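Following: one structure in structure tokens, then a few remarks.
Remember, predicted model here, so these are calculated numbers, not experimental data. In each ligand, atom 1 is the first atom listed, and ligand 1 is the first ligand listed.
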Amino acid sequence: MSGRIYAAITGMGHYTPARVMTNEDMAQLVDTSDEWISSRTGIRQRRIAAPGEKTSDMGIAAARMAMANAGVTGEDIDAIYFATCSGDMLFPATACFVQQAIGARRAYGFDLSSACAGFLMALEVATGAIESGRIRTALVIGAEKLSAITDWTDRSTCVLFGDGAGAAILRASDRPGVLSTLLGVDGSHADILSLPASGTLHPASERTLREHLQYVHMSGGETFKIAVNTMVNAAREAVARAGLTFDDIQCMIPHQANMRIVEAVAKRLGPGLMERVYLNLDRYGNTSAASIPLAFSEAVSLGKVKSGDKVLMVAFGGGLSWGGAVVEWL
Ligand code: COA
């Protein structure tokens, strides 16, 4: 044995709010239709958090399921990495509310903002901390209450998003679980997908309210084009870095933004890959940082990911930012 420390995912969890909002419900709010939304995006419904339900509440529920599945308690956790672009507040970090709720007495934690690539960014941070020997157990969460930062008068964006959470427990292992990670950003496209008034550039004012700057703004067509190329490259690189080929991948979990993007990506990656893609975007829409762990956890719960399977995750989002990772489900 080399004595090298590896990181492995040992439990997944997820949570979605009870309220279902269908495309028909959406058509009561803005000028749209089930036909338009489902044919262009594949989305049929999404979940919407209750008014008092916080991003931390959803993250905590997902974390509890992941902890139960991994057989760890709060005392075991050394670090909490919370990926979100819709945290409860700018500070304290949403991770602090999780730490308190799950009794992770020894843990440090922080929020990580990288929009839809956030979970893979957090996975990379957790993997590095474990492989370096600094920590042994990490809780990685992706959770979003996008309904609170969605412009419900803008039909070109509001139909796309939903609320939810996913979580993973990563532990030190003598066998490799995380086989590769790859991350990137390109700030030259920062303007095509953003939430302009979320920081200090545009403090809350009559103007930010009038111009709806406190909501997600997106140039859909441009995002679509860049997304396909970016995800294809990230997926190829992540698989190559793991020393594998696409034939070795049993399950692909892409960021669940748009069915047409996923189909275009899978088609370019190789024949037969689409049959190995796990999708739940028809039921949840785009849940940003929650998207990949929510899908991964569901896939595990449904028995679609089995021991020994290699799982490819790939994401892109605002930044632009992107990520890819291959893990073996031990
Ligand atoms: N219902 C009905 N019509 C709508 C609509 C809606 N919800 N949203 C936009 N439209 C209209 C537009 O106003 C436009 O009308 P016009 O031609 O009269 O101006 C028309 O539909 C076409 O708009 P367009 O933006 O060209 O549509 P599209 O085919 O590109 O599809 C998206 C729009 C948003 C579905 C698509 O661009 C997309 O999925 N982009 C990627 C978005 C994404 O995944 N973002 C998240 C990244 S993490």
Side-chain angles (χ1 to χ4, degrees), residues 21-46 83-86 113-121 142-144 146-147 149-164 166 183-187 189-196 198 212 215-235 253-266 277 279-282 284-295 313-324:
M21 186 179 191
T22 63
N23 289 348
E24 285 81 10
D25 297 332
M26 194 64 81
Q28 307 295 312
L29 278 185
V30 288
D31 183 10
T32 191
S33 64
D34 175 46
E35 202 284 324
W36 195 96
I37 302 169
S38 53
S39 65
R40 281 180 179 69
T41 70
I43 299 165
R44 298 191 175 274
Q45 59 185 49
R46 68 287 292 147
T84 187
C85 61
S86 56
S113 163
S114 191
C116 306
F119 179 77
L120 294 185
M121 299 265 176
E144 302 280 11
L146 297 181
S147 59
I149 57 168
T150 294
D151 184 346
W152 289 101
T153 65
D154 175 10
R155 67 178 181 175
S156 71
T157 54
C158 72
V159 301
L160 303 173
F161 302 114
D163 300 334
L183 303 171
V185 297
D186 179 358
H189 298 294
D191 55 330
I192 68 170
L193 185 48
S194 68
L195 204 167
S198 51
H212 291 205
Y215 300 125
V216 174
H217 286 240
M218 182 181 69
S219 163
E222 269 185 272
T223 307
F224 193 109
K225 274 182 243 148
I226 301 171
V228 174
N229 283 334
T230 306
M231 286 175 87
V232 166
N233 292 339
I253 300 186
H255 171 48
Q256 315 270 320
N258 181 309
M259 175 67 120
R260 290 188 302 154
I261 293 177
V262 174
E263 282 174 346
V265 169
V277 171
L279 282 174
N280 61 11
L281 69 84
D282 55 327
Y284 301 128
N286 180 348
T287 58
S288 193
S291 161
I292 285 183
L294 170 54
M313 296 173 267
V314 60
F316 76 97
L320 288 179
S321 57
W322 60 88

Identify, for atom 40 (N) of ligand 1, the protein heavy atom at the shortest distance, and state residue, atom and that distance. G220 O, 3.0 Å
What residue and atom, counting heavy atoms only, is the protein's closest point to atom 27 (O) of ligand 1, and at what distance? W36 CZ2, 4.0 Å
Main-chain N/O of M21 paired with R46 side-chain donor or acceptor, under 3.5 Å: yes
Numbered atoms and elements of ligand 1 in range of I261, under 4.0 angstrom, heavy atoms: 44 (O)
Under 4.0 Å from one or more heavy atoms of T223, ligand 1 contributes atoms 45 (N), 47 (C)
By number and element, which atoms of ligand 1 are closer than 4.0 Å to a non-hydrogen atom of G221? 37 (O)
Would T32 count as being in polar contact with ligand 1, using the rule that some N or O on each side must be under 3.5 angstrom apart? yes
In ligand 1, the atoms that come under 4.0 Å of a heavy atom of D31 are 1 (N), 2 (C)
Protein contact of atom 43 (C) of ligand 1 - nearest heavy atom, named by residue and atom, plus distance: M218 SD, 3.9 Å
Identify the protein heavy atom lying closest to atom 46 (C) of ligand 1, giving its residue, its atom name and the separation to 0.1 Å. N286 ND2, 3.5 Å
H255 versus ligand 1: do any nitrogen or oxygen atoms come within less than 3.5 Å of each other? no
What protein heavy atom sits nearest atom 48 (S) of ligand 1, and how far off is it? C116 SG, 3.2 Å
Ignoring hydrogens and geometry, is there a side-chain-to-backbone donor-acceptor pair from D34 to N23 under 3.5 Å? no
Subset of ligand 1 atoms that lie under 4.0 Å from at least one heavy atom of A257: 44 (O)
Within the 4.0 Å heavy-atom cut-off, what L193 brings close to ligand 1 is side chain
How far is atom 35 (C) of ligand 1 from the closest protein heavy atom, and which atom is that? T41 CG2, 3.8 Å
How close does the nearest protein non-hydrogen atom get to atom 29 (O) of ligand 1, and which residue and atom is it? R40 NE, 3.4 Å
Considering only protein heavy atoms, which is closest to atom 15 (O) of ligand 1, and at what distance to one decimal place? R155 NH2, 4.1 Å
Check each atom of ligand 1 against the heavy atoms of N258 and keep those under 4.0 Å away; list them by number with element. 38 (C), 39 (O)
Just jot down the ligand 1 atoms closer than 4.0 angstrom to any heavy atom of V159, in number order. 7 (N)
Between R44 and D282, is there a salt bridge with N-O shorter than 4.0 Å? no
If we number the atoms of ligand 1 from 1 as shown, the ones under 4.0 Å from a heavy atom of S156 are 8 (N)
Can a side-chain donor-acceptor contact be found between E144 and T287 if the only test is distance below 3.5 angstrom? no
